[in-house]
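Below, read A as the first sequence line, B as the second, and so on, with proteins coming before strands; counting in each chain starts at 1.
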Amino acid sequence: MKVANLIRIALRALQRNKLRAFLTMLGIIIGVGAVITMMSIGEGSKQSIQSSLSSMGSNMITIQPQSNRTGGVRIASSEVQVLTLSDVRVLRRDATLLTAISPQASTNGQVIKGAMNWSTSLQGVSPEYFDIRKLTVREGIAFTEDDVRSAAKVCLLGQTVVENLFGSNEDPIGQIIRFNKIPFQVIGILAAKGQSSFGQDQDDVIIAPYTTVQKRVLAITHFQNIYASAVSEEASEAATDEIVRLLRENHRLRPEDEDDFRVRTQAELINTLSSTSSMMTVLLTAVAGISLVIGGIGIMNIMYVSVTERTREIGLRMSIGARGMDILMQFLIEAIMISVTGGLIGVFLGISASLLVAYTLGWPIVISQSSIVLSFLVCAFTGVFFGYYPAQKASRLDPIEALRYE
Amino acid sequence: MSEKILQIQDLKREFRMGTEVVRALKGLSFDVAAGEFVTIMGSSGSGKTTLLNILGCLDKPTDGAYLLDGVNVKDLNRDELARFRNVKIGFVFQSYNLLPRTSAIENVELPLLYNPAIGSKERRERAIHALEAVKLAERLDHTPSQLSGGQQQRVAIARALVNEPVMILADEATGNLDTRTSYEIMALMQELNQEQNKTIIFVTHEPDIAAFSSRTVMLRDGKLQTDTQNQAIKSAREALAALPESDDY
């Protein structure tokens with residue numbers, strides 16, 4: 001028996017019942033389509049999280065104060081004043097795995113320029129902050145260590161602040177703005193960074209030397225955060241350990257004491273967010289996969305009905321020379337054709353749906369080849385698996401009884 | 001006599017029904033030579049159907065020998081039986097058994113699809129040739145529902161002829177047809193037998209159909225009752241002409 005003939009036989013049989021073949025396919029079409037769409041959306045959101053986090057600097061390490069239990073009372077972490085210039089100095093002097101360190105003292109407030117005003121956040125940092133956060137100055141210049149030393153009242157503006165304070169044909173450079181009544185001279189404008197993965201506008205910010213913010217705006221001596229860059233992404237784990245050791249020493253913590261600060265790496269953040277997103281992808285894909293299995297059961301169901309309904313046909317085929325194997329292959333090929341055709345339509349539908357989601361909702365999508373190959377293989381396997389039993393049943397019919405079947 | 005197509009010696013077939021053993025064929029012997037037109041007759045329960053299944057290689061005898069074209073069918077396995085049915089036997093059934101929603105030509109091509117020796121070009125040529133032989137050359141693309149009963153049976157006969165079998169095995173092939181159409185089918189059978197020298201075995205219980213054959217084997221209770229050569233073979237064509245021109249009312 002030639003395979004070409006078997007395929008021809010199966011194709012003719014399917015052509016006789018186009019609507020039913022299509023309805024049977026529908027389960028597979030929806031299943032494969034759903035799997036591909038879900039995986040595209042999942043993969044897309046995962047990659048967008050990763051890329052936006054690494055655009056913040058994938059080596060970035062954040063040190064935050066942590067409210068430790070003091071006599072059972074917990075204090076909000078922003079109120080804890082444990083991070084000081086001395087910590088920054090120790091890290092600068094002794095840390096071997098860090099390339100850049102910047103303290104941060106920040107506050108929110110109203111900024112005024114002429115008749116315009118805007119509520120934004122003021123971040124006091126050191127010049128190394130630009131490296132750590134991968135900020136670039138689009139116009140003007142960044143401030144220097146000298147400005148830090150002299151607590152100069154200079155600042156750089158994020159794009160959103162510029163838009164809200166200045167007209168389109170105004171040049172902000174050199175102008176004076178007032179933050180909580182304190183005048184700052186604008187010396188630069190930051191290149192736009194867009195939204196962070198948490199939906200925060202990263203351009204809605206004013207950056208100034210930390211000394212200026214500490215002394216002239218907030219009148220404090222501690223920092224809310226210390227940012228640092230590890231020498232490499234792989235070293236961030238070791239760098240974290242180093243920071244913990246140095247800061248515990250500097251804070252004179254006894255071995256039994258809890259840390260009064262917390263060190264977080266970007267890699268950790270990426271992992272947390274990606275694993276959340278991966279879990280969502282797995283869940284969604286599992287649901288879609290279930291519909292694929294249901295589609296397979298639909299094929300099995302229809303193939304069983306088909307075998308019963310076509311008992312006489314099977315008897316006839318056997319009487320004119322079809323072997324059991326030929327009948328088995330015919331029904332198996334029919335099942336595979338249904339599932340593979342359904343799979344192809346499903347792949348097409350899944351890609352279309354993914355593109356539609358990207359186009360209408362603006363969600364990031366990544367159509368991975370692996371999702372297409374995987375779902376296609378699964379549905380081909382479904383055809384074989386669920387088609388085999390009905391086909392076997394057909395092939396084992398007794399031609400005499402099959403011919404007399406009413 | 002020319003060569004023997006069928007040789008049946010002391011053929012027995014028993015069925016086990018629970019604890020009882022039903023003996024459907026109780027030792028049957030006869031031969032059929034090439035070019036014969038044999039009708040097998042008998043009332044229901046005579047073993048007619050059992051014999052037909054064995055002759056058609058759909059069933060195997062319990063005991064005795066059945067040689068088709070010199071091969072003992074008893075020695076063949078399931079797949080070899082299927083191959084034998086494909087190339088040696090052409091079946092014609094009472095209820096035509098055409099594939100629905102499938103054109104006449106594709107129905108006729110069907111046995112050739114199971115014959116790996118035949119390519120697609122030859123398949124089509126032979127199917128057209130077979131349909132020409134049953135005078136349906138103008139209806140190649142008609143589906144069974146677009147054909148009358150007699151035409152459907154002629155498609156079935158074309159399907160039986162297409163693999164050039166050593167014999168045609170007809171099972172009550174006129175049972176579903178009116179007299180006129182029955183005679184037309186029998187005229188076709190006679191033509192195939194006389195002009196193309198096809199061996200035909202025709203199972204029926206209608207005596208007037210048997211009159212068109214060259215020999216009648218009568219079964220009774222699983223045994224051969226009579227085996228008679230028909231001395232005066234009736235011509236189906238003449239019988240057809242003798243029918244009233246129009247029996248409509």
Side-chain angles (χ1 to χ4, degrees), chain A residues 1-23 305-334 337 391-406, chain B residues 13 15 49-50 52-60 76-103 105-120 123 143-145 156 159-163 165 169 171:
Chain A
M1 191 69 198
K2 280 190 257 179
V3 179
N5 282 358
L6 280 171
I7 291 172
R8 192 171 286 117
I9 288 167
L11 208 59
R12 282 180 186 176
L14 287 178
Q15 277 169 352
R16 291 212 307 268
N17 238 321
K18 288 194 194 79
L19 181 65
R20 187 162 77 182
F22 174 73
L23 289 175
V305 171
S306 180
V307 167
T308 309
E309 191 192 80
R310 286 154 66 188
T311 300
R312 279 179 78 97
E313 177 193 324
I314 294 163
L316 168 78
R317 285 178 187 277
M318 285 178 158
S319 72
I320 59 169
R323 294 167 303 162
M325 188 51 111
D326 298 330
I327 300 290
L328 180 92
M329 290 306 287
Q330 177 190 338
F331 280 87
L332 202 54
I333 289 174
E334 277 185 36
M337 273 181 172
Q392 196 188 39
K393 185 191 169 196
S395 73
R396 289 189 177 164
L397 287 175
D398 176 11
I400 297 169
E401 280 167 29
L403 274 172
R404 308 224 178 287
Y405 184 84
E406 294 293 337
Chain B
R13 182 69 174 98
F15 295 99
T49 305
T50 309
L52 178 89
N53 288 339
I54 293 173
L55 293 181
C57 297
L58 293 166
D59 194 9
K60 287 205 256 186
L76 301 177
N77 65 27
R78 238 184 110 137
D79 286 353
E80 286 165 336
L81 279 178
R83 173 104 193 102
F84 232 61
R85 288 196 293 269
N86 185 241
V87 296
K88 302 281 187 195
I89 302 167
F91 278 100
V92 182
F93 302 94
Q94 179 175 1
S95 49
Y96 330 131
N97 279 337
L98 299 176
L99 297 186
R101 293 186 289 280
T102 304
S103 68
I105 184 129
E106 286 186 358
N107 263 299
V108 175
E109 280 183 348
L110 201 60
L112 299 177
L113 283 173
Y114 292 103
N115 187 346
I118 290 169
S120 64
R123 182 165 63 232
T143 61
S145 57
R159 182 180 63 194
L161 290 172
V162 77
N163 237 347
L169 200 55
D171 179 13

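Proximity to chain B (any heavy atom under 4.5 Å) is shown, for A:E401, by neither the backbone nor the side chain. The contact between A:R312 and chain B is made entirely by side chain atoms (from C-beta outward), counting heavy-atom distances below 4.5 Å. With a 4.5 Å cut-off on non-hydrogen atoms, B:F84 does not touch chain A at all. With a threshold of 4.5 angstrom between heavy atoms, B:D171 approaches chain A through side-chain atoms but not through N, CA, C or O.
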Checklist entry - Are B:L81 and A:M318 close enough, and set up right, to give a side chain to side chain contact (heavy atoms under 4.5 Å, CB included), and what steps lead you there? => result CA-CA 10 Å; B:L81 279 178; A:M318 285 178 158; over 6 Å; no

Next on the checklist: Let's go through A:R12 and B:E106 carefully: what are the C-alpha distance in whole Å and the side-chain angles of both, what is the deciding distance for side chain to side chain contact (heavy atoms under 4.5 Å, CB included) to 0.1 Å, and is it a yes or a no?
Outcome noted: CA-CA 9 Å; A:R12 282 180 186 176; B:E106 286 186 358; 3.5 Å; yes

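Rounded to the nearest 0.5 Å, atoms CG (B:L113) and CZ (A:R8) are 6.5 Å apart. For the atom pair CG (A:L316) and CZ (B:F93), the distance works out to 5.5 Å, reported to the nearest 0.5 Å. The structure places CD1 of A:I320 at 12.5 Å from CD1 of B:I89, a figure rounded to the nearest 0.5 Å.
Between chain B and the options A:R310, A:R317, A:E313, the largest number of non-hydrogen pairs under 4.5 Å is found for A:R317. Most heavy-atom pairs under 4.5 Å with chain A: of the set B:E109, B:R159, B:R101, this distinction falls to B:R101.
Nearest heavy atoms, A:A322 versus B:R85: O-NH2, 4.1 Å. Of all non-hydrogen atoms in B:R78 and A:L397, the two that sit nearest each other are NH2-O, 3.6 Å. Here the closest non-hydrogen pair linking A:R16 and B:P100 is CD-O, 2.6 Å. Annotation for B:L58 and A:P399: closest pair CD2-CB, 3.7 Å, computed over non-hydrogen atoms.
Side chains of B:P116 and A:N5 form no contact here, defined as non-hydrogen atoms less than 4.5 Å apart. No side-chain heavy atom of B:F91 sits under 4.5 Å from any side-chain heavy atom of A:L403.
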